[in-house]
Amino acid sequence: MLARSINILPESTQKKVARRADLPRKVVGSYWKADVVGVLPTMLLYGFLVLLPIVIAAVLSFYNWNGVGALRFTGFTNWDAFFHDPIAAHSLEVTGILAVASWLVQTPISIALGFFIAGRQRYRAVYAAFYLLPLILSTVGIGLMWQALLDPNFGGLAWLAQNAGLSFLQQNWLGSNSTALWTIVALIAWQFIPFHTLLYQMGRRQVPNVLYEAASIDGATKWQQFIHITLPQLRYTIVVSSTLMLVGSLTYFDIIYVLTNGGPGDKTRVLSLDMYQAAFVANTFGYASVLAVVLGVIGVVVALLLVRLTGFSSLSSQREGMA
Amino acid sequence: MKTILYLAKKRTIGLVTFLLGSVWLVIVLAPIYFMALSSLRRQGTYVTANPWVPSGPLTIHQYYVVFHSGLGTYLLNSLVITFSCMILSLLLSLGASFRIIRGTSRFSKLSLRLIVFGLAIPIQAIIIPIYVIIDKVGLYDTLTALILVMTASAIPVSVLIMVSYVRDIPRELIDAMSTDGASEWTIFRKLILPLSGPVLATVGIYNGINVWNNFLIPLVLTQSNSTSVLPLGLYKFQSQFGIDVPAIMAAVLLSAIPLLILYIAMRKQFIKGLGGIAMR
């Protein structure tokens, strides 16, 4: 690769001499121009469709607006309403439960599976190829598939309940108060465990085997090795995976919108769904913006907290290098 | 004796691991198998037949039906926005990354700060203003809107990955070209671009998958059937076909075929695109 790139360097050395004289000024000028050409289009698009919306969301939360009529400034009314809104409080609670449950379910399974497919046995590579299949299905596709499978009358699980004696499978999984939220947690796990398995597989393969050999010579048990070698070595992977998992499930929307739309009752009504309905169903854009800001702040704070709390020197040094 | 015990223990552990791994394999494959088998039935036989055993008359009729009820259009739309977003986000991000590394102006340094900041903002938090902006500029219900918004939301991750990649390109190469009188544009075109193949593949696949499967942005920014992309189209099928589960299953499977081909054809790149993003 290097050789190839050297080949493409301009061959003309004669011109070089002539141009050297006026290099500094010209270079500085072309640098600045090049910065504008290179960065400006990106920043324009990014500015208009990411940065500006952040500002608008914050501003809009102080107004009343139905989406078409005039904006009406109402100060902290929307925020005040939010803090006294039992529906919003409930959504926050459901969101929190969903996020924590998702983390508790997905992390151990992903670590176990990740270590499993990090092994070099041939059959495990084959397993790994199948494990990752859910990643190619869209969220909506996954939702529709499970909806058919979980249907209490004609679904695949109901059939097993009626014909294979597994009567505990006969549930109205998505429709009953006691199971709906946990079913959603399970479906999200089915969708995302493959991705986190992949992360843990990569993480595990980066741990030098010498460490384990040294430890077992010193007489450390498997469990001690896991606590004292694997976990510290995997710190980076755990933080990345947990951050993506928590922020992802705190803002989760797709499957819930497609399958339950918050129901039964409000049992699976999460904050992002609340926001969507406030904006695009009820046309209360001001109030919806309050929910959006809350959602954004939760996402940012959780990400920052995780990075800080885990004493994350390795990530911060990578970041510093970038900036 | 001790060795025999050790070997026996090791074999048991290996067997238990194998069994647990197989349980997960079943959990992953059973729903997909159920979906595939159901898609081959007609609605009448679907409700009566054993959904786990391929018995009775099977047909690909449903695939034909859904493809001609709009899925073809959705597929085309998805391909258009996915390719546009991939190319646009790669070019914009690589150009920006090159200037952020090489540029000296305050503008390029500030840009990186702003981009890192955007990394933590979930799309759900800004979807309302995005809708308002798109509506105001008259792009509501167009594929252009989807391309612009999805490209913009792909920029933070793309730039961050590319900046760390471009930084590793030896400075001597760039300086050598520069002293030889090559313009910044030539350096970008003849040095940076050819050397960035691997990172373009990784980031491109990652962005491509995200665009292909995104649901919220099309849900908010489009409404007519002619601008629907696959995830939204599938959602519409749900109400259009109602209880015709085999048709819906066929639609879901059809919509997954392009990514399945990509996955089979270039699994290594695919996995790198997914996992590599988070690891770097």
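Only heavy atoms go into these numbers, but all of them, side chains included; no hydrogens, no water, no symmetry mates. Since this is a predicted model, take the numbers as computed values, not measurements.
Counting heavy atoms from C-beta on, the side chains of A:S138 and B:F215 never come closer than 4.5 Å. For the pair B:I133 and A:I56, the minimum side-chain heavy-atom distance is below 4.5 Å. Looking only at side-chain heavy atoms (C-beta outward), A:Y257 and B:L216 stay at 4.5 Å or farther from each other. Using a 4.5 Å cut-off on side-chain heavy atoms (C-beta onward), B:V159 and A:Y46 make no contact. Taking the side chain as every heavy atom from C-beta outward, B:I271 and A:M202 approach each other to under 4.5 Å.
Heavy atoms of B:L114 lying under 4.5 Å from chain A belong to its backbone as well as its side chain. Neither the backbone nor the side chain of B:N214 has a heavy atom closer than 4.5 Å to any heavy atom of chain A. No part of B:I187 comes within reach of chain A, as not one of its non-hydrogen atoms sits under 4.5 angstrom from that chain. Using a 4.5 Å cut-off between heavy atoms, A:Q147 touches chain B through its side chain atoms alone. Proximity to chain A (any heavy atom under 4.5 Å) is shown, for B:L25, by both the backbone and the side chain. Using a 4.5 Å cut-off between heavy atoms, A:A58 does not touch chain B at all. For chain A, no part of B:F98 is nearby; none of its heavy atoms comes within less than 4.5 Å. Within the 4.5 angstrom heavy-atom criterion, atoms from both the backbone and the side chain of B:V149 approach chain A. When heavy atoms are compared at a cutoff of 4.5 Å, B:L148 approaches chain A by way of both its backbone and its side chain. Proximity to chain A is absent for every atom of B:L94, based on heavy atoms less than 4.5 angstrom apart. Only the side chain of B:P122 comes within contact range of chain A, judged by heavy atoms closer than 4.5 Å. At a 4.5 Å heavy-atom cutoff, the contact between B:A49 and chain A is made by backbone atoms alone. For B:W52, the part lying under 4.5 angstrom from a heavy atom of chain A is the side chain only. For chain B, the nearby part of A:F280 is the side chain; its heavy atoms alone come within less than 4.5 Å. With a 4.5 angstrom heavy-atom cutoff, B:L260 touches chain A via backbone and side-chain atoms both. Neither the backbone nor the side chain of B:F188 comes within contact range of chain A, judged by heavy atoms closer than 4.5 Å. Contact of B:S22 with chain A is made through backbone and side chain together, with heavy-atom distances under 4.5 Å. If you measure heavy-atom distances from A:I54 to chain B, the contacts under 4.5 Å come from both the backbone and the side chain. Contacts between A:L135 and chain B at a heavy-atom distance below 4.5 Å involve backbone atoms as well as side-chain atoms.
Test B:I127, B:V220, B:I128 against A:Y276 for side-chain contact (heavy atoms from CB on, under 4.5 Å) and you get one pass: B:V220.
Residue with the most contacts toward chain A among B:P156, B:G21, B:P258, B:S89: B:G21 (heavy-atom pairs, distance under 4.5 Å). Across B:G95, B:S153, B:A152, the residue that shares the most heavy-atom pairs under 4.5 angstrom with chain A is B:A152. For the set A:T251, A:V50, A:I193, A:L132, the count of heavy-atom pairs under 4.5 angstrom toward chain B peaks at A:T251. Across B:V245, B:I121, B:I264, B:L230, the residue that shares the most heavy-atom pairs under 4.5 angstrom with chain A is B:I121. In terms of heavy-atom pairs under 4.5 Å with chain A, the best-connected choice from B:I209, B:L262, B:L219 is B:L219. By number of non-hydrogen pairs under 4.5 angstrom with chain B, the leading residue of A:W146, A:F253, A:Y131 is A:Y131. Per-residue counts of heavy-atom pairs under 4.5 Å with chain A were compared for B:T17, B:D135, B:L234, B:N50; the largest is that of B:N50. Of the listed residues B:P31, B:A256, B:A251, B:A120, the one with more heavy-atom pairs under 4.5 angstrom with chain A than any other is B:P31. Chosen from A:F48, A:F116, A:F285, A:W159, the residue pairing most often with chain B at heavy-atom distances under 4.5 Å is A:W159. Ranked by heavy-atom pairs under 4.5 Å with chain B, the first of A:L295, A:N153, A:L144 is A:L144. Per-residue counts of heavy-atom pairs under 4.5 Å with chain B were compared for A:A129, A:G155, A:G119; the largest is that of A:A129. If you tally non-hydrogen atom pairs under 4.5 Å between each of A:V59, A:I117, A:V297, A:L160 and chain B, the highest count goes to A:L160.
When every heavy atom of A:A57 is checked against every heavy atom of B:A125, the shortest pair comes out as CB-O, 4.1 Å. Taking every heavy atom of both residues into account, A:L133 and B:Y263 meet most closely at CD2-CE2, 4.2 Å. For B:N213 against A:L137, the heavy-atom pair with the smallest separation is ND2-O, 3.7 Å. Here the shortest heavy-atom pairing between A:M145 and B:M249 reads CA-CE, 3.9 Å. Here the closest non-hydrogen pair linking A:P53 and B:P129 is O-CG, 3.2 Å. Residues B:Q124 and A:A292 come closest through the heavy atom pair O-CB, 4.4 Å.
Remark: side-chain polar atoms of A:T42 are paired, donor with acceptor, to backbone N or O of B:L92 under 3.5 angstrom. One N or O on the side chain of A:W190 and one on the backbone of B:I27 form a donor-acceptor pair closer than 3.5 Å.
Interatomic distance, CZ of B:F270 versus CG of A:L198, reported as 10.0 Å (0.5 Å rounding). Put simply, CD1 on B:I257 and CD1 on A:I136 are 9.5 Å apart, with the number rounded to the nearest 0.5 Å. Here CE of A:M43 is found 5.0 Å from CD1 of B:I115. Values are rounded to the nearest 0.5 Å. Taken to the nearest 0.5 Å, the OG1 atom of B:T151 stands 6.5 Å off from the CG atom of A:L45. To the nearest 0.5 Å, atoms CG (A:L149) and CD1 (B:I32) are separated by 11.0 Å.
A perpendicular orientation is assigned to the rings of A:Y123 and B:F18, their planes being inclined by more than 60° (bins at 30° and 60°).
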